[in-house]
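None of the values given here were measured: they were computed from a predicted structure.
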Amino acid sequence: MKRVVRILTGLLAVLAIALVVCVFLALIGWPVSQERLTELLSAARRMPNVLLTVSAALLLAAIGVFTLYALYAERFSKQTAAIIEHNAMGETSVSFSALAELANGVAKSRPDVKDCKTSVSSTGDRVRISVRVVTAPTVSLLELTYALQNAISARVLEVCGTPIGSVDVRVDQTDAEQKHARVN
């Protein structure tokens, strides 16, 4: 529902800007010549209604542009820290890189994880941790991924208190031993 409201508001803002452009084109008469522009300016001095229309159109355009900015500015802002707490003295936050290092430490503490890379992003007020691991081919991948998800979310919650949206574990490859060439 929220997405539909945003789309409709964005369309309304675009319509307002298009209406402003049409009003200006109608006022100055398209195509514009120097004589027509001079005539328009001299007529505007005599007609306060034209000035009122122009100022209303400018106000409408400003509202349209501001609405579009307000709708889509949030999408382009990049969050780099998770907020832990707001209190009277200020705000406490932890950077995504610190959360990634914490998750890396948990993953690398397991003996069956050979290597790992972690990235952290936000989904609303929660963080999303993505871990890519390399493991031995003999390890149960289902058990490993489940154990990593639980251990990472528990550790981040214990240390920071940051609400976890998800912990995604991806096994990139297994660290398979190289097979020797067969000699006949």
Side-chain angles (χ1 to χ4, degrees), residues 1-18 63-184:
M1 182 67 181
K2 189 175 183 181
R3 185 176 184 166
V4 172
V5 170
R6 280 186 170 200
I7 290 171
L8 290 176
T9 307
L11 289 175
L12 184 63
V14 169
L15 181 64
I17 293 169
I63 290 171
V65 168
F66 178 74
T67 303
L68 285 175
Y69 174 76
L71 285 174
Y72 298 106
E74 173 185 308
R75 169 178 274 169
F76 298 113
S77 66
K78 186 169 182 171
Q79 192 173 354
T80 58
I83 297 171
I84 297 173
E85 179 185 22
H86 292 284
N87 58 30
M89 298 201 45
E91 179 180 276
T92 305
S93 63
V94 60
S95 71
F96 287 166
S97 60
L99 290 173
E101 285 299 317
L102 187 62
N104 266 343
V106 171
K108 287 181 179 178
S109 69
R110 295 194 49 98
D112 43 3
V113 172
K114 305 295 181 196
D115 190 25
C116 72
K117 294 178 184 173
T118 306
S119 65
V120 180
S121 61
S122 69
T123 53
D125 61 340
R126 298 182 177 274
V127 293
R128 177 181 180 190
I129 301 173
S130 299
V131 181
R132 300 174 79 122
V133 296
V134 176
T135 186
T138 57
V139 174
S140 168
L141 299 181
L142 186 60
E143 289 177 13
L144 174 68
T145 56
Y146 185 72
L148 282 174
Q149 285 174 327
N150 286 333
I152 290 171
S153 62
R155 182 70 176 153
V156 168
L157 196 58
E158 172 191 338
V159 172
C160 312
T162 303
I164 303 293
S166 66
V167 177
D168 303 323
V169 179
R170 178 176 298 168
V171 178
D172 276 342
Q173 64 185 19
T174 56
D175 189 24
E177 300 158 1
Q178 294 202 0
K179 296 181 181 179
H180 298 287
R182 190 171 176 187
V183 179
N184 288 332

query = Looking only at heavy atoms, which two atoms of Ala147 and Arg110 are closest? And how far apart?
reply = CB-NH1, 3.6 Å
ask   = Among all residues two or more places apart in sequence or in another chain, which pass the salt bridge (Lys or Arg N to Asp or Glu O under 4.0 Å) test with Asp168?
value = Arg128
Taking every non-hydrogen atom, the tightest pair across Ser153 and Val167 = CB-CG2, 4.0 Å
Listed partners of Leu141 passing side-chain contact (heavy atoms from CB on, under 4.5 Å), at least two apart = Thr135, Val171
ask   = Ser95: what forms a side-chain contact (heavy atoms from CB on, under 4.5 Å) with it, not counting sequence neighbours?
value = Ser97, Ala98
request  = Please list, chain by chain and in numerical order, all residues satisfying side-chain hydrogen bond (donor to acceptor under 3.5 Å, both in side chains) with Asn150, sequence neighbours excluded.
outcome  = none
message = Holding to side-chain contact (heavy atoms from CB on, under 4.5 Å), I want the full list of residues that pass it with Arg132, two or more places apart in sequence or in another chain.
response = Arg170, Asp172
query = Side-chain contact, heavy-atom cut-off 4.5 Å: Leu148 with Cys116?
reply = no
ask   = Ile152 pairs by side chain to side chain contact (heavy atoms under 4.5 Å, CB included) with which of Asn104, Leu99, Leu157, Val106?
value = Val106
inquiry  = I need the minimum non-hydrogen distance between Val120 and Ala100, along with the two atoms involved.
reply    = CG2-N, 3.7 Å
query = In chain order, what residues pass the salt bridge (Lys or Arg N to Asp or Glu O under 4.0 Å) check against Glu158, with sequence neighbours excluded?
reply = Arg155
ask   = Can Asp112 and Val133 be said to form a side-chain contact (heavy atoms from CB on, under 4.5 Å), step by step?
value = CA-CA 10 Å; Asp112 43 3; Val133 296; over 6 Å; no
ask   = Could you state the interatomic distance from OG (Ser130) to NZ (Lys117), rounded to the nearest 0.5 Å?
value = 13.5 Å
query = Where do Phe96 and Ser122 come nearest, in terms of heavy atoms and distance?
reply = CZ-CB, 3.8 Å
